[in-house]
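Here is the structure we will look at, set down as C-alpha cells.
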Amino acid sequence: MSNKVHLGHTARKRFGQNFLTDQGVISSIVGAIAPDNDHVMVEIGPGLGALTEPVADMIDNLTVVELDRDLVKRLQYHPILKDKLTIHQGDALQFDFGQLQQAGKKMKVFGNLPYNISTPLMFHLFEFAEQIETMHFMLQKEVVLRLSASPGTKAYGRLTVMAQYYCQVVPVLEVPPTSFTPAPKVDSAVIRLLPYEVKPWPCKNVDVLRHLVTTAFNMRRKTLRNNLKTLLSDEDFETLQIDSSLRPEQISVPQYVAMANMLCDKKD
C-alpha cells in the first residue's frame, strides 16, 4: 500500500473517515454509478477523492458536498480536480439538494457514507427522490442489509419500509475492510437506490406514513395492535385485512401504505 494514498491527510475519527484505496473496487463502483453529462452528478463526502477523480475524469462537471474544511481546501487546490468541481462546503444532512437541479437533468448521487450519518442522510435524500435518477452508496453492510430486507427478517425496519416506498433497492457489491485505509472493523457494501418514477404504492401523505412507521417500530417486540392503538382501531385493521396480532417487521410496505392512507382518510 503506497503512502501517496493518504495525500498527507490523517483520517479523523469524528468524521468517521475510512478512505477507499482498492482500485478494483473503485472501478466497479464507478462502473455502477455510470457517470455522464446528461445528469447532474453529485458526490457526498468526497474525502480524498478515491471516487471523485475517476468520476470527474468521465464528465465535464461534478458537484461535491463536503463537511471537512481541510478536505475542501485540498479539492480547491487539486491540480486535476479544481477545474472540474463545484464545491459546497457544509453538512449534507442540512443541504438543500433541490438547488442543484438543472433544466431537463435529474441527479445521480453517490458517496462513501460514514456510518453515523447514513440513516438520517437517506431519509433526507428521499425528500428529493423525484429529482434523483440513481443513488449509489458505500455503507456498512448491516445498513445495506436493512435497506434491502424482506418482511419477517430481523433487518427489516423503519429504514427498510421508507427506502422501499421511495426506491427500488439493489445490492451491488460487498467490500472487505482491506479495501480501506485505515481498515474499518466492519464489512461494507455498495447499494443502488432507484427512485420510482411512479410509486407502486402511492401514499396520500408521506408525513403520515413516516409517523405511522416510526410508531410501529418503536417497540419491535410488541404487536401491531399494541403499537398503533392510538392510530388505528380493531375495525380499521379488519377493514384493511391486516392481522394486528403480527409484529411490525411482519408487515409489508404496501400494507404500511394502506394503513397510512386510511389515516389520511380519517383525518379528512
Side-chain angles (χ1 to χ4, degrees), residues 5 7 9 11-12 15-23 25-102 105-118 120-122 124-126 128-129 131-140 143-144 167 172-173 175 179-180 188-195:
V5 168
L7 297 180
H9 181 87
R12 283 198 234 176
F15 289 138
Q17 288 171 333
N18 294 90
F19 298 109
L20 184 59
T21 47
D22 181 323
Q23 287 309 317
V25 168
I26 291 168
S27 304
S28 299
I29 298 171
V30 173
I33 294 166
D36 60 42
N37 288 321
D38 303 326
H39 292 84
V40 180
M41 301 297 305
V42 183
E43 182 174 17
I44 297 171
L48 296 179
L51 294 172
T52 320
E53 289 189 30
V55 168
D57 233 15
M58 301 166 76
I59 54 174
D60 298 336
N61 183 266
L62 172 61
T63 298
V64 299
V65 181
E66 173 59 69
L67 184 60
D68 186 331
R69 286 174 198 277
D70 293 347
L71 291 177
V72 165
K73 199 166 279 164
R74 175 164 312 220
L75 292 170
Q76 285 166 338
Y77 291 103
H78 191 289
I80 303 159
L81 291 174
K82 64 177 193 295
D83 303 325
K84 284 271 184 120
L85 300 184
T86 303
I87 303 171
H88 294 269
Q89 194 271 319
D91 185 352
L93 292 174
Q94 310 297 323
F95 188 73
D96 173 14
F97 287 89
Q99 72 188 40
L100 303 179
Q101 248 197 319
Q102 293 173 20
K105 285 187 174 188
K106 282 193 166 190
M107 291 180 259
K108 284 185 174 180
V109 182
F110 65 96
N112 172 11
L113 301 185
Y115 183 58
N116 51 346
I117 71 159
S118 56
L121 185 58
M122 299 280 164
H124 181 54
L125 283 164
F126 294 151
F128 304 97
Q131 302 159 35
I132 297 173
E133 185 85 27
T134 65
M135 295 183 266
H136 287 85
F137 295 120
M138 168 95 71
L139 299 160
Q140 277 203 357
V143 181
V144 166
C167 308
V172 178
L173 81 157
V175 185
S179 300
F180 298 89
S188 303
V190 176
I191 194 96
R192 172 184 290 139
L193 300 170
L194 303 165

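Throughout, numbering of the chain's residues begins at 1 and tracks the sequence. In this text the structure is predicted, and so the values were computed from the model without any measurement.
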Nearest-0.5 Å distance, [atom1] of residue [X] to [atom2] of residue [Y]:
{"X": "Phe137", "Y": "Phe110", "atom1": "CZ", "atom2": "CZ", "result": "10.0 Å"}
{"X": "Leu62", "Y": "Asp57", "atom1": "CG", "atom2": "CG", "result": "11.0 Å"}
{"X": "Leu81", "Y": "Gln76", "atom1": "CG", "atom2": "CD", "result": "12.0 Å"}
{"X": "Asp36", "Y": "Glu133", "atom1": "CG", "atom2": "CD", "result": "8.5 Å"}
{"X": "Lys84", "Y": "His78", "atom1": "NZ", "atom2": "NE2", "result": "12.0 Å"}
{"X": "Ile44", "Y": "Ser118", "atom1": "CD1", "atom2": "OG", "result": "11.5 Å"}

*Have a look at Ile29 and tell me which of Leu173, Val172, Val55 forms a side chain to side chain contact (heavy atoms under 4.5 Å, CB included) with it.*
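Of the listed residues Leu173, Val172, Val55, the side chain to side chain contact (heavy atoms under 4.5 Å, CB included) partner of Ile29 is Leu173.
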Does any non-hydrogen side-chain atom of [Y] lie less than 4.5 Å from one of [X]?
{"X": "Leu100", "Y": "Gln131", "result": "no"}
{"X": "Leu139", "Y": "Met122", "result": "yes"}
{"X": "Met41", "Y": "Ile33", "result": "yes"}
{"X": "Thr63", "Y": "His88", "result": "yes"}
{"X": "Ser179", "Y": "Leu20", "result": "yes"}
{"X": "Leu51", "Y": "Met138", "result": "no"}
{"X": "Phe128", "Y": "Pro195", "result": "no"}

Shortest non-hydrogen contact from [X] toward [Y]:
{"X": "Val30", "Y": "Pro35", "result": "O-CD, 3.4 Å"}
{"X": "Gly47", "Y": "Glu66", "result": "N-OE1, 3.1 Å"}
{"X": "His124", "Y": "Phe97", "result": "CD2-CE1, 3.9 Å"}
{"X": "Pro46", "Y": "Leu75", "result": "CG-CD1, 3.6 Å"}

*Under 3.5 Å, side chain of Gln89 to main-chain N/O of Leu67, donor-acceptor pair present?*
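It does hold such a pair.
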*Answer yes or no: is there a donor N or O on one side and an acceptor on the other, between the side chain of Asp60 and the main chain of Asn37, under 3.5 Å?*
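No, because the side chain of Asp60 does not come within donor-acceptor range (under 3.5 Å) of the backbone of Asn37.
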*Go through Ile59 and His39 one step at a time and tell me if the side-chain contact (heavy atoms from CB on, under 4.5 Å) criterion holds.*
CA-CA 10 Å; Ile59 54 174; His39 292 84; over 6 Å; no
